[in-house]
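In what follows, every chain begins at residue 1, and chains take the letters A, B, ... in the order their sequences are listed.
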Amino acid sequence: MPLMQLTSPHTKNNVSTQKMMLEVIGATLLGAGILTYHFGWGILINVLWASLVALGCEALVLKIRRKPISFYLRDGSALVTALLLALAIPPTAPWWLTLVGTAFAIIIAKQLYGGLGYNPFNPAMAGYALLLISYPVEMTSWLPPRSIAEHTQAHSLQGALQLFWSGAISTQTGLKTVDAFTSATTLDTLKTARTLSLTLEEATAQNPVLGSLSGWMVAPGWFWSNLAFLTGGLYLLKRKHITWHIPLSFLSALTVTASIAYYFKPTLGSPIFHLFSGATMLCAFFIATDPVSAATSQQGKLIYGTGIGLLTYIIRTFGGYPDAVAFAVLLLNLAAPTIDYYTQPRSYGHKKAKKGLHSL
Amino acid sequence: MNHQATFTKRNSQQQLPGGIHPPERKTLSNVAKLRQAPIPNQLVLPLNQHLGSVAKPIVTVGQKVLKGQQIAAAQGRISANVHASTSGTVLDIGLYAIAHPSNLPTTCIIIQSDGQDKAIDYNPIADPFNQTPETLRTAIETAGIIGLGGAGFPSAHKTNTQAHKPVHTLLLNAVECEPYITADDISLRERNREIITGCQLLCRASGATSIKIGIEDNKPEAIAALEHSLTQEILHYPVELTVVPTQYPSGGEKQLIQLLTGLEVPAKGLPTDLGLLCHNVGTAYAVYRAIELGEPLITRVTTLTGEALPAQARGNYEVRIGTPIKDLLTTLQTHWQNLNRLIMGGPMMGFTLQNLNVPVVKTTNCLIAATQTELPTSEPEQTCIRCGHCAEVCPASLLPQQLYWHTKAENHQALVQHNLFDCIECGACAYVCPSHIPLVQYYRFAKGEIRQHQAETTKSNRARQRFEARTARIEQAKAQREAQRAAHRKKVSDQRPSAKAQTSIETINDPEALKNAFLKAQKTWLDAQKALEYSQKNSPADTSKLEVKIEKLKTKAEQAKTQWEQAKGSN
Amino acid sequence: MIETSITASLIAIAILVALTVILGGLLGFASIRFKVDEDPIVDQINAILPQTQCGQCGHPGCRPYAEAIANGEAINHCPPGGQQTINELADLLNCEPLPLDAEHGVESELPKVAVIREAECIGCTKCIQACPVDAILGAAKQMHTVIADECTGCDLCVEPCPVDCIDMVSVNKTLQTWQWNKPCGATQNTEHLIAVRNL
C-alpha cells in the first residue's frame, strides 16, 4: 500500500483541458456543417487539412523542444486552433494557403512563445491576420452560398478537391480558375458599395448574395452559419466552459455602435446585418473567449469584449479589410494583461481592490 | 434568564462568492450510531497537538498514570496541557512520528495501558452559569481544550477576550462542509443538549451575549434535533439557528462569519475585531465535559470512513486521544490491499499519512481510508490555460491563476500584492482546475518561501546591527585608549618644558626663546584639544579630566604668549 | 521687408527663450518636487548581502564587501548568500549573474550554527573576540556558549579555538520551519530546456 505525501485536495471534478477542448470542437460542428452545406466541400477539406498540419507542426516543435509529444498533443488545443482558422479561410483556398496559415499559427504564434498557455495572441487569429495581409485576394474569394448560386462545380467534392490541389477546376470549356466561381461576401459587398457611393438598392441589384433576407440584408449562408455558431456558443455557456462576460459585452458593443450608426447612415449596415455576417458569432463564442489570450478577471472580460466589439465595428466600417474580428481580437490580446492589472477584484477582508501596475 | 431561540433558513441566493459542490459522500458514515473505539494497548501522546509552544512533560519514564491525569504542562501564553487518556505506565518520552504532512518526528509520551482504565477524581464546577468567566476559562485551560475543528488553537486563550477585544456574539460552527466528515453531524444528533450547554458555557466564559449557530441544510436530522432541544432547554442567551445552503467551503471560519453576519473579517485581522468568536461543535462538547463533569480532553469523536473500510465498520467513533491509527484500522478490519490513500481530515483540506504508527490527536476529526477508484491518483499537471475557473470558485475572491504564475516566477512582492496570505487553502481552485495543477501546494510553497525569506531578512538585519554595534564599540575603545595615551604624553611633556620655561623666563629675557616656548605650549594645547574632540566624537566616555587638563594647557599657552609679548615690548 | 523679418525672427527668439525658461523651470521644479529618495547604492547592496560577516569574500564584514562591489568588485564572492544573493545583486546592478566563485568557498545546503562542546571549553575568550556579531557569551576562565539565534554560521570562531571544541552543526528542519516543496510543474525538466544564446 503506498503511503505517500500527496497534496490536498484529494478529490477533483472530472473536467480536464482535453475534455474542454473536445467540447469546444463539438460545439463548432453544427456551424461547420452549415458552412459546408452552403459553401461546399471546400470548408470540410480545409478543416481536415488544417488539423493535419496543426498536429504535424505541433509534434515537430515539441520534438525539437524535447517535450513529451503525445502528452501535449492529447490536450487538443492544436486541433481547436486549426479548426477556428480553417473555418475562417475561404472554401476555395489552395492547400498552401491553409498550410502557411496553420503552420504560422502553431509554430510562431503558439509554440515559439512557449506553447499552450503562454501565447499572448490568439494563434488562429494571428494565422488569419497573416494570411489576410499577405494573400488578400485568395482570402476574400468566397463562393456564393448554394441557395443563390444553384449548384456550382466548386461546391462539389470533386471540384473542391481540384481547387484545393491546383486552384482551378477543369471543365468542358477548359480550366476555370477560382475567380470564375467566387463572389463577394456580404461584408465585402457593403464595403464596395460604400466605396462606390452606391445606394443599398443598387448594391443589392448588383449582387444576388444580398437581399435574400430582404430588409436585413443578410445572406442566408452567413445568417444560418452564424446562428449555428450562436447555438454552439450557448451550449458552451451552459456547460460553463466559457462565461457570459465576453460574448455579451462583445455583441452588445457591436449592436449598440451599429444601431447608432445605422440610425444616422443606413448604408453602414443594420445591427442585425453586423451580428449575422462574417465571423461575428464565431468570434463572440469561440475566438474572443480563448482563455489564454483574453483578459481573466470578470470586469476585465467585460472591458475586453466591449473593446473587441467597438474595434470590430470601426475596422469593418473604416478599415481597408472587409471583416475585422481578427484585428480587433489581436489588438485586445495586447491590452489583456494591462486590463487584468486594473480590474483585480476586491478580496475578502479588504476594503477595496488593489489595482494597477505597481504589483508587477 | 430564559431566552428564546430563533430559526432562519437561507436560500441559495444568499451564498458565498465562489464555492463548489463536491460529491458529499457523507452517507458512508452518517448512518451508524456513535460507537466507542477500543482502548489501545499503547498510547502515543504528542506534546504539540495544538498551535503554539510545545507542552513540557511533567511525568517520568516508568511512572504510573491514571486516566485524566495531566502528563504535560502548557508552556507560555499559547499552549495546552496534555492528559493521559487511559491508566497505565509511562513507557518512554522521546521522538516519535506524528500526523503531519512533513512526517517529521516530535516529542511524544508513550503510555502502556494497564487495561483498567482507572480515572482520577474529576472536579466538576457546580452551578457554572453563576461562576465568573475566569473560573470557567481556567477550567477550560486545565482540561487542555483546543479548537477541535482542525486548527487546534488553545480554546482558553481564544475565549479570553480580555486579551483581545470584547465580543458580543459567539458563533457555533456546525456547518461541516467538507465531504465525508460527519463527526459534528452525529454528535449533534446524539448530544445536542450537551453541545448547547457547552456553547452557552463558552458564551459565559468569553463574555458574549448571544449565540448564532450555522448548519448546512444537508443534515436534516441534526437540524431537527437541535431545534427540538433549543425549544425544550432553558436558554441563558438568545440563540439564532441558521440553516445555510450546502456549499463548500461555507464552514471556513471567515466564510461562516460572512454567511451569518454579512461581515468580513478584516485582512490580517481576527473575528474578535468584529466582536465575534467562532467555536466548533466538538469544542463546545469538550467544554461541557470539562466544566460539568470535570473531565479533561482525552477523547474525541472521529469519523472513520472510506471504501477501504468494511461497510459496517464505517461511522463515527469516540476515540481516545493518542490511539495509534494502525490499531484503529486493524480493529475495524480494514481491507489493506484496497487502501490507496489514507487521509487525516477531509478530502479537500486533509493531508495524507505516510506512517501508520502515528496517533489520533485532538484535531483529528476524520480518517479516510480511500481506494483508488474512490479518490483516484491525480493526473499529471498540465500547463495553465488561464480559463479562470479557479477565480470563479475562490471564496476569498482572489485571482488563483495570477498567484500561480507569480509563484512559478517566485515574485514575492507580486504575491503579497495579490493577497496570497488571504488564501485559506480550501482547495476549491485545484478542485476545478482542468489542467490538474496542484494549486494549493503552489500557494503553500509560496507562503513558506515568503515567511522564510522574511525570517532571513529579520535575522540578517539583526546580525548587521550587532556587527555594527560591535564595530562601533571596538572603535570607541580604541579611540578612548588613543585619547588617554595622548593626554598622558601631554602631561609628561608639559611638566618638563614648563619647568624649563619658568627658569628660562626668570633667567633669560630673550624674546626668541620666549616665542619658541609659547609656540610649543600652544601646540601642546591644540593637540590635546584635537584628542578631546576625537574622543568626544567617537565615545560618550568620561572626558571631564581631559577637559580640565586642556584648560590648564590653555592658560599656560596664554601665559607664555603674554611673557613673549612683554619681552618683545621691553626690548 | 528686412525690418519685418527681423521683427519676426526676434519674436521667434523671444518665444523660444520664453519656452526654454518655462520648460526649464518646470523640469527643475519637477526634479525637486518629485525627487525619488533612494538609498545609496552601497546600502542597497548591503541589504542584499546575508550579513553573516564571515569574511569569506576577503573583506572584514558585509558592508566593506558592499562598498567593494560598488567600486566594481565581482558580485560572486559570497558563499553564504549563494546563487540567490548573486542573482539579486545582478538584478540590482543590472549585470550578468555569474556562478559562485569557488575560490571563496561553496554554498552549504543547510544553514549552520556554531556549538561549543561546553565540557571541553577552557574559557580563553578567543572565540568571543572572533565572533563578528557578539553571539558568544562567556568570560575569562568561564565556560562559553553560543546564542544559537544570533549565530550567523560564519565559521570565524572555529579557527581561534585552542582546544577545537567548536562544531558547526547543520540546522535541521523542524515542524515550525518545514515547508511544502514547489510542485515540479507540467512535465518541466530543466535538462530538456534548450539554451538560448545571445547571437
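C:Q51 places no side-chain N or O within 3.5 Å of a backbone atom of B:R462 that could act as its donor or acceptor partner.
For the pair C:K182 and B:E410, the salt-bridge criterion is met [side-chain N within less than 4.0 Å of a carboxylate O]. Taking 4.0 Å as the cut-off between side-chain N and carboxylate O, C:D134 and B:R470 count as a salt-bridged pair.
Put simply, CZ on C:R63 and CZ on B:R464 are 8.5 Å apart, with the number rounded to the nearest 0.5 Å. Here OG1 of C:T177 is found 12.5 Å from CZ of B:R451. Values are rounded to the nearest 0.5 Å. Here the straight-line distance linking atom OG1 of B:T457 with atom CD1 of C:I48 works out to 11.0 Å at 0.5 Å rounding. Atoms CG and CG, from C:N172 and B:L104 in turn, are 9.0 Å apart once rounded to the nearest 0.5 Å.
Per-residue heavy-atom pair counts under 4.5 Å with chain C were compared for B:C384, B:S460, B:S102, and the maximum is reached by B:S102. Looking only at heavy-atom pairs under 4.5 Å with chain C, the residue among B:K447, B:H436, B:K459 that has the most is B:K459.
In this structure, chain C has no heavy atom under 4.5 Å from any part of B:T471. Using a 4.5 Å cut-off between heavy atoms, C:T174 touches chain B through its backbone atoms (N, CA, C, O) alone. Only the side chain of B:I98 comes within contact range of chain C, with heavy atoms under 4.5 Å apart. Contact of C:P183 with chain B is made through backbone and side chain together, with heavy-atom distances under 4.5 Å. In this structure, no portion of B:Q465 lies under 4.5 Å from any heavy atom of chain C. Interface residue B:Q441: backbone and side-chain heavy atoms are both found under 4.5 Å from chain C. With a 4.5 angstrom heavy-atom cutoff, C:P60 touches chain B only via backbone atoms.
Between C:W180 and B:F445, the shortest heavy-atom distance links the atoms O-CD1, 3.4 Å. Residue C:G61 comes nearest to B:F467 through the heavy atom pair CA-CZ, 3.8 Å, listed as atom of the first residue, atom of the second, then distance.
In C:K173, the NZ atom is crowded: over 12 heavy atoms of neighbouring residues, nucleotides or ligands sit closer than 6.0 Å.
Shown here are the salt bridge (charged side-chain N to carboxylate O under 4.0 Å, His left out) partners of C:D167, two or more places apart in sequence or in another chain: C:R117.
Using a 4.5 Å cut-off between non-hydrogen atoms, the part of residues 143-159 of chain C that approaches chain B consists of C:I147, C:A148, C:D149, C:E150, C:C151, C:T152.
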